[in-house]
Amino acid sequence: MKDNFLWGGAIAANQAEGAYNIDGKSLSTTDLLTVGTATSSRKQTEKVEANQYYPNHNAIDFYHTYKEDLALMKEMGFKCFRTSIAWSRIYPNGDGIVNEEGLKYYDSLIDEIIKNGMEPLITISHYETPYVYTEMWNSWLDERMIDEFVLFAKTIMQRYQDKVKYWLTFNEINAVIFGTYASVGVNLKKDTDYIRNLLKISHHLFIASAKVVKMAHESNPDLKVGCMLANTQAYSSNCDPKNEMLAYFFNELFYFFGDVQCRGSYSNKALNLMKRYNVMPDISKKDKEILKNGKVDFISFSYYQTLTLGLDVLEKLSKVKKGENVMKAIANPYLESSDWGWPMDPVGFRYVLNTLYDRYQLPLFVVENGLGAVDTVENGCIHDTYRIDYLEKHITEMMKAIEIDGVDVLGYTSWAPIDIVSFSTGEMKKRYGYIYVDLDDQGKGTGKRMKKDSFYWYKKVIESNGKCLQHPQKITSDSKVKEILVIPGVEKVLTKYTPLNKVVLLPLKQLKLSTVFKQFKMDEDMQNLLLDILNEIVT
Ligand code: BGP
């Protein structure tokens, strides 16, 4: 692994910041999504309704806690931190008037990221288009959005060009296929023009992105701008060539977006298909020029799962009962699924790193990968071995792609280093973090941050540049004194920092640390400090 490999974590403004209506911010599209569950989707409302709960309004209050949160990430040794800039803080009213208060917030956030030794990676638009555009023009269905986006991007890129080198234009640009409102704020009727309109929206996004890439390169050649694609690799459900063909065409949908942004033009196949079905967007000569001059510098992508397709997919999907998870119908029998039904496929990760690199020959950046799972707090500890297991396997495969296969990867920012609101369901209990946040699905709780076992594990991974991936023994308040005393250095710490001495320790050997803490009336802060010191020794 290169010494400058960018290990870190990724979040998005709308899922973390909260503070949805302060310092001049207007509503974003995501501010109007209610809370959902794994089996019932989030609802979109036209205004904030009193009897509904909108989890993104307060999220985890990162707007106010970023200093403490970033300090924890620094402790893990992060080299890179990805977040987005909420458009609705910068141009809240869609009238070209900039909100200086919003910029001030990002001035200090970005300074803080840098102060903590991390390279900022900024997503310009991450599922948080100002809602005013949906009201005025049905958002990205209207080509006027291109200039609005370029203005927004210009404002932030000029302001932060000396501080931020890596930029992404649209988060998961291809997610527009799965939901036009959730991704870019367009309410699209499921009528005969659906596909034509979908392609029109995509074309607007492509042009806007390409203009921003060109603008960035012209204003500062050091800036690197990437696309961001949601990767959901499809496998054929068996070796029937017809199923293989189906999976191939599904994957082509993904490449449709990658081709335009990386190669600077629509592929012949895409043009042919759009012509044949009479759904071609208006692609002027000038547009072609813009696309050609706005090729991205690198490819970033999210990777969580793969899926399996066969010609019987529609039949399978039609059998899914109300309330059941759709993902199960297309799950791979060789893979286990997460609590939310997402098939976990570490080897698939190596596969997509290879295929993407082969196709475009551009550096890759893994900007999202992680496990959304339910965590339980036991005696102040969170033993998330399942998360460590998931990440360990995925990082191992990524390292094979880099070290054995020769794929060029700039960095890995896992989603999400701290628990934040889930985008798809709006739940808090779908947790990804190394840092636990004490809030529930209704936003109730203290908001307190706690380190999970994965926190110590990831710290070690970064420190060793990926060499130490094994899950080390972790000391918790449940550990028995006799088990930890055999670890070199532990006895010294216990006798130095606590009222314990060798004589006292002897009869306590059969006890758990929590009992010892109680006997010696150690307060919670002292207990946590001691556990931190002990785990420092172990790792
Ligand atoms: C990606 C989005 C993120 C994030 C992640 C996990 O598609 O870019 O915003 O949310 O998925 O998904 P979820 O939060 O729904 O579990």
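Here, residue 1 is the first one in the sequence, and each next residue gets the next number. Order of listing sets the numbers, starting from 1, for every ligand and every atom in it.
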For Asp375, side chain to side chain donor-acceptor pair (under 3.5 Å) partners two or more places apart: Tyr386, Arg387, Lys452

Residues which pass side chain to side chain donor-acceptor pair (under 3.5 Å) with Tyr54, listed by chain and number, not counting sequence neighbours: Thr45

Within residues 339-360 or reaching into it, pairs that qualify as salt bridge (Lys or Arg N to Asp or Glu O under 4.0 Å) - sequence neighbours excluded: Asp259-Arg359, Arg350-Asp405

Near ligand 1, at a heavy-atom separation below 4.0 Å: residues by chain and residue number: Gln15, His126, Tyr127, Asn171, Glu172, Tyr304, Trp342, Glu368, Trp415, Ser422, Phe423, Ser424, Lys430, Tyr432

Residue pair Arg449 / Thr65, side-chain donor-acceptor N/O under 3.5 Å: yes

NZ/Lys451: more than 12 non-hydrogen atoms of other groups inside 6.0 Å: yes

Parallel, tilted or perpendicular: rings of Tyr303 and His394 (30°, 60°): tilted

